[in-house]
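Indexing begins at 1, ligand by ligand and atom by atom, following the structure's order. Atom set for the values below is all heavy atoms of this structure, side chains included, hydrogens, waters and symmetry mates excluded. The structure displayed is predicted, hence computed values, not measured ones.
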Amino acid sequence: QTGYITLDSGYKNTGATESAITFLDGEEGILRYRGYPIEQLAEKSSFIEVAYLLIYDKLPTAKELDEFSDRIKRHTLVNEDMRKILDGFPYTAHPMGILSALVSSLTAFYPESLNPNQSKEEVDLSIIRLMAKLSTIAAWSYKNSVGHPVNYPKNKLDYCSNFLHMMFAYPTEEYEINPVVVDALNKLLILHADHEQNCSTSTVRLVGSANASLYSSVSAGISALWGPLHGGANQAVIEMLEAIKADGGDSKKYIEKAKDKNDPFRLMGFGHRVYKNFDPRATIIKKTADEVLTALGINDPILTIAKELEEAALTDPYFVERKLYPNVDFYSGIIYRAIGIPTEMFTVMFALGRLPGWIAQWKEMREAKEPIGRPRQVYTGSTERDYVSISDRS
Ligand code: SDX
């Protein structure tokens with residue numbers, strides 16, 4: 001091999017690309033989408049407006065936002081044959097597996113998306129279709145897991161209300177839209193919308209760099225996000241908090257387990273590859289969790305356990321030395337639970353939020369005509385040796 005190969009497993013110190021989409025500073029706990037601080041966007045914007053900002057690099061005018069929102073609404077229906085694919089999944093199927101399968105199946109229903117030389121308008125239509133259909137697919141994956149009939153989107157509803165309707169309405173009764181819930185969902189989706197070159201986004205860019213379609217690239221990103229060390233952590237956090245509660249609620253015992261090198265147990269929702277200070281999203285989500293539970297009159301004992309864990313981790317030398325602060329996944333599950341989202345749907349909610357980020361990053365990579373991603377390695381295997389016929393082998 002010519003030249004030096006610098007080994008950087010986990011790409012801890014590798015800049016894989018140049019990007020103008022999201023800026024984060026791990027030391028200062030700064031996160032901005034296209035230059036706008038997420039604190040302001042979470043407070044003042046909507047998820048669909050943030051999606052527009054990420055994808056088209058500008059805050060839309062009222063007219064642009066209405067057009068974007070209406071275009072999405074007109075594509076929320078999925079091909080009826082998708083129900084046949086959905087029906088093939090047992091009700092025990094994890095919704096993330098259904099999500100990646102159905103997103104990949106969009107390449108079958110829209111084969112033109114496979115053309116790497118689509119016009120700008122055609123790429124834009126592919127983007128609108130995916131933004132619109134993922135919420136329907138997500139809600140349908142939930143309905144499949146509970147054996148209930150799917151709901152069709154209602155175009156008179158805004159994006160978040162429509163998703164909640166598709167998740168929780170029944171043929172027997174409408175879902176009553178609660179503004180507190182809609183506001184909390186908007187905030188959560190905004191806070192998940194992009195996060196520069198995290199594992200799933202890097203996957204979307206790498207798959208897309210081979211000229212694979214947007215749908216195939218995002219389907220791969222969904223699979224990467226499913227990992228419990230990544231987006232799957234929000235489900236793992238609630239399962240961890242439930243286990244601590246079931247085991248008597250002794251958070252100190254679990255802090256010690258997390259520190260024990262011989263114990264594989266990790267405090268899920270703590271630590272981050274980049275944020276070596278607090279995760280600014282966790283700060284906002286923690287505040288929102290308090291607001292939502294109060295507004296909905298919910299007293300959730302696992303929130304108390306979560307706060308005890310956070311308190312202990314912020315003072316325990318093991319966590320302080322390793323700068324292990326609560327991350328975006330630590331409190332998000334408590335809000336999802338409060339608004340009725342079941343635990344196995346938490347990572348699907350992460351995917352719904354992260355979609356505009358994946359789309360923006362895939363579009364940026366394609367427009368920059370980036371070369372196919374193909375890292376090298378440091379070889380540690382056998383030196384050259386000759387073939388041995390099977391009769392001479394031991
Ligand atoms: C997300 O990249 C992104 O931006 C991701 C994300 C996004 O928006 O896309 O922010 C979303 O994925 C948030 C992270 C969700 N994952 C979890 O909450 C799972 C628990 N946390 C981790 O496993 C871990 O902290 C990572 C995966 C998040 C980061 O891993 P790193 O950077 O590779 O750090 P590491 O595993 O090398 O840990 C460093 C040290 C180790 O101890 P030592 O070997 O140095 O003694 O900290 C320890 C680890 O054992 N450690 C933990 C811990 N996380 C790290 N110990 C106990 N509990 C934990 N949660």
Side-chain angles (χ1 to χ4, degrees), residues 8-16 19 21-27 29-33 38 42 50 54 96 188-205 221-241 244 251 253-285 306 309-310 312-314 316-334 346-347 349-358 360-361:
D8 180 20
S9 56
Y11 307 120
K12 294 192 174 187
N13 298 299
T14 294
S19 177
I21 299 168
T22 291
F23 172 75
L24 65 90
D25 178 321
E27 292 307 322
I30 293 171
L31 176 58
R32 299 187 198 123
Y33 298 156
I38 48 133
V50 166
L54 286 167
M96 284 296 274
L188 282 167
L189 294 177
I190 288 171
L191 292 169
H192 285 82
D194 192 50
H195 212 239
E196 57 131 284
Q197 304 312 314
N198 59 85
C199 178
S200 55
T201 301
S202 301
T203 302
V204 169
R205 287 184 82 119
I222 290 168
S223 299
L225 187 73
W226 195 359
L229 292 184
H230 188 17
N234 56 17
Q235 173 174 344
V237 166
I238 292 297
E239 287 163 352
M240 171 187 75
L241 294 172
I244 294 174
S251 46
K253 173 179 163 188
Y254 283 82
I255 289 272
E256 291 313 308
K257 270 171 70 69
K259 290 156 59 177
D260 177 355
K261 280 291 161 225
N262 302 319
D263 188 330
F265 174 79
R266 272 196 165 189
L267 270 191
M268 300 313 275
F270 278 82
H272 197 278
R273 172 62 59 73
V274 180
Y275 289 125
K276 296 308 172 192
N277 211 320
F278 60 95
D279 179 335
R281 300 166 297 179
T283 308
I284 301 170
I285 291 178
L309 283 182
E310 180 182 6
L314 295 183
D316 187 300
Y318 173 93
F319 289 86
V320 173
E321 273 158 33
R322 291 169 178 77
K323 301 177 181 290
L324 300 176
Y325 295 87
N327 58 45
V328 66
D329 294 310
F330 189 57
Y331 284 104
S332 54
I334 288 168
F346 287 4
T347 311
M349 299 309 295
F350 195 142
L352 216 47
R354 185 53 51 89
L355 179 63
W358 285 332
Q361 299 265 355

Could you check whether Y254 and F265 have their ring centres less than 6.0 Å apart?
yes
List the residues meeting ring-ring contact (aromatic ring centres under 6.0 Å, His included) with H230, not counting sequence neighbours, and say none if there are none.
none
Decide if atom NZ of K323 counts as having more than 12 heavy atoms of other residues, nucleotides or ligands within a radius under 6.0 Å.
no
Restricting to ring-ring contact (aromatic ring centres under 6.0 Å, His included), what partner residues turn up for F350, sequence neighbours left out?
H192
Contacts of E239 meeting salt bridge (Lys or Arg N to Asp or Glu O under 4.0 Å) (sequence neighbours excluded), chain-then-number -> none
Go through the side-chain N and O atoms of Q197 and Y11 and say whether any donor and acceptor fall under 3.5 Å apart.
no
Heavy atoms under 4.0 Å from ligand 1: which residues qualify?
K12, H195, N198, L229, H230, A233, A258, K261, R266, L267, M268, G269, F270, G271, H272, R273, R281, Y318, R322, L324, N327, D329, F350, R354
